[in-house]
Number of protein chains: 2
Amino acid sequence: MEGIDPDSALPLYAQVEAALATSICDGKFAPGSPLPNETALIQQYGVSRTTIRQTIQNLIRRGLVEIRRGKGTFVLEPKITQEFTELSGFVEDMRVLGHRPSARVLDRSVVPCSETVARHLGLATGVKVVRIHRVRLANDVPISFDETYLAREIGEKVIENDL
Amino acid sequence: MEGIDPDSALPLYAQVEAALATSICDGKFAPGSPLPNETALIQQYGVSRTTIRQTIQNLIRRGLVEIRRGKGTFVLEPKITQEFTELSGFVEDMRVLGHRPSARVLDRSVVPCSETVARHLGLATGVKVVRIHRVRLANDVPISFDETYLAREIGEKVIENDL
DNA sequence: GAGTGGTCTAGACCACTCC
DNA sequence: GAGTGGTCTAGACCACTCT
């Protein structure tokens, strides 16, 4: 049934999800147009309604489709940001892989920014910025070390909100 | 059954969700402690497993609990503490503030790691790691510059999964 | 009314974690 | 092994939207 393998290590809903996501990204289902309805997907992929519904929920979470009550499930406009937010979503990435994500802040301080940082933040070199050092963990195992520079007014707002 | 009304306009999962959320906020289930398991909740509220599982999924989406595989479902620290430690998600932060988050990857390369990075990732100095440079934006305005170091095998997995 | 998704049940078998 | 959640099925009835 349409490239679905019941013996795959991947759950059925993930296989259908990948198939539909691919079709959407390929443009087989254009933005604004409806996905096939649940009954059609059930038959097309040979899985149960529960499985199809889990697939759809995941596509919604990924921002690829939305449901309109009583009307159907529709493909959303691609967000230019999406491909990158996926990468930046450490939390989501880890959860997808079945890990428990967390993070530890090692340091927060105000420092003059380097030329590189200045260029990318649209500041002058040497302007004070907030620097945060952080370790991200999955199941308490350190995965990444992270240095973040924030423009100062925003960084301070973040720190405030934190308290 | 514990204040659940099958004839309510509210779906059962929403009623159970409200009950559990209340217990969590009241401190009846303290942060770090486990929720009753699915079987117990099924009996306590007199609903099916599907319903309980939908309830839990919603609590997860609300950031109140997390599931640890094979162990159980645990109450998380209240959100404010969480912002910077648990859920350091830029994406979530910005959405809370009503901004449209995105990110731009400037560079991805494999480099020998510094002593600092090595220490935090539990590696030897000089081991090859994946370095990612990224600018994060809110409403297309650059907010932060970001340098991330990933242990190599994981970094490459991330790059693959990126599709 | 016909078509859509929303909610719900009662089962089943599997994978992971801890002992 | 026992206990946890993860996946999946095959049904059922309901609420919404459009015509």
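We name chains A, B, ... by the order of the sequence lines, and we start the count at 1 in each one. In this text, all values refer to a predicted model and were calculated from it rather than measured experimentally. Only heavy atoms go into these numbers, but all of them, side chains included; no hydrogens, no water, no symmetry mates.
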(request) Convert the base pairs of DNA chain D into dot-bracket notation, remembering that pairs crossing earlier ones are written with [ ] and that bases paired across to another strand are shown as |; include only Watson-Crick or G-U pairs under 3.5 Å. (result) ||||||||||||||||||.
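In this structure, the nucleotide among D:dT9, D:dG5, C:dG5 sitting nearest to the side chain of A:Val47 is D:dT9. Taking every side-chain heavy atom of A:Leu12 into account, D:dT9 is the closest of C:dT9, D:dT7, D:dT9. The side chain of A:Pro11 lies closest to D:dC8, out of D:dC8, D:dC18, D:dC13. For B:Gln54, the side-chain atoms get nearest to C:dT7 when compared with the rest of C:dC16, C:dT7, C:dC13.
At distances below 3.5 Å, not a single donor-acceptor pair connects side-chain atoms of A:Glu17 with backbone N or O atoms of A:Leu59. Checked by atom type and distance alone, the side chain of A:Thr51 never pairs as donor or acceptor with a backbone atom of A:Tyr13 at under 3.5 Å. Although no hydrogens or angles enter the test, the distance criterion places a donor-acceptor pair under 3.5 Å between the side chain of B:Gln15 and the main chain of B:Asp5. Using a distance-only test at 3.5 Å, with no hydrogens or angles considered, no donor-acceptor pair links the side chain of B:Ser33 to the main chain of B:Phe29.
Under 3.5 Å, the side chain of A:Arg53 and the base of C:dT7 form no donor-acceptor pair of N or O atoms.
Taking atom CZ of A:Arg69 as the reference point, atom C1' of C:dA2 lies 18 Å away to the nearest angstrom. Here the C1' atom of nucleotide C:dT9 and the OH atom of B:Tyr45 are 19 Å apart, to the nearest Å. Taking atom CG of residue A:Leu59 and atom P of nucleotide C:dG5, one finds them 13 Å apart after rounding to whole Å. Look at CD on B:Gln57: it is 14 Å from P on C:dT7, rounded to the nearest Å. Put simply, CD1 on B:Ile67 is 19 Å from P on D:dG3, counting in whole angstrom units. Rounded to whole Å, the distance from CD on B:Glu38 to P on C:dA10 is 15 Å. Separating the CD1 atom of B:Ile42 from the P atom of D:dT4 is a distance of 11 Å, rounded to the nearest angstrom. With rounding to whole Å, B:Leu41 atom CG is found 17 Å from D:dG3 atom P.
Side-chain N/O atoms of B:Tyr149 and B:Glu147 include a donor and acceptor closer than 3.5 Å. In this structure, a donor-acceptor pair under 3.5 Å is present between the side chains of B:Thr148 and B:Arg134.
Considering only side-chain N and O atoms, A:Ser48 lies nowhere under 4.0 angstrom from the phosphate OP1 or OP2 of D:dG11. The phosphate of C:dG5 (OP1 or OP2) has a side-chain N or O of A:Thr73 nearer than 4.0 angstrom. Distances shown here put every side-chain N or O of A:Lys71 at or beyond 4.0 Å from the OP1 or OP2 atom of C:dG3. Between A:Tyr13 and the phosphate of D:dT7, there is a side-chain N or O to OP1/OP2 separation shorter than 4.0 Å. Not one side-chain nitrogen or oxygen of B:Thr51 sits closer than 4.0 Å to the OP1 or OP2 atom of C:dT7.
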(message) side-chain contact (heavy atoms from CB on, under 4.5 Å), that's the test. Do A:Val65 and A:Leu20 meet it? Break it down for me.
(response) CA-CA 10 Å; A:Val65 303; A:Leu20 289 176; over 6 Å; no
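A cation-pi arrangement is present between B:Arg68 and B:Phe74, with the terminal nitrogen or guanidinium carbon under 6.0 Å from the aromatic centre and inside a 45° cone about the axis.
Mapping A:Gly72 and A:Thr50 onto DNA chain C by nearest heavy atom places A:Gly72 at the nucleotide closer to the 5' end. Where B:Pro36 and A:Leu10 each meet DNA chain D at their nearest nucleotide, the meeting point lying more 5' is that of B:Pro36.
Using a 4.0 Å heavy-atom distance criterion, A:Arg49 is classed as a base contact.
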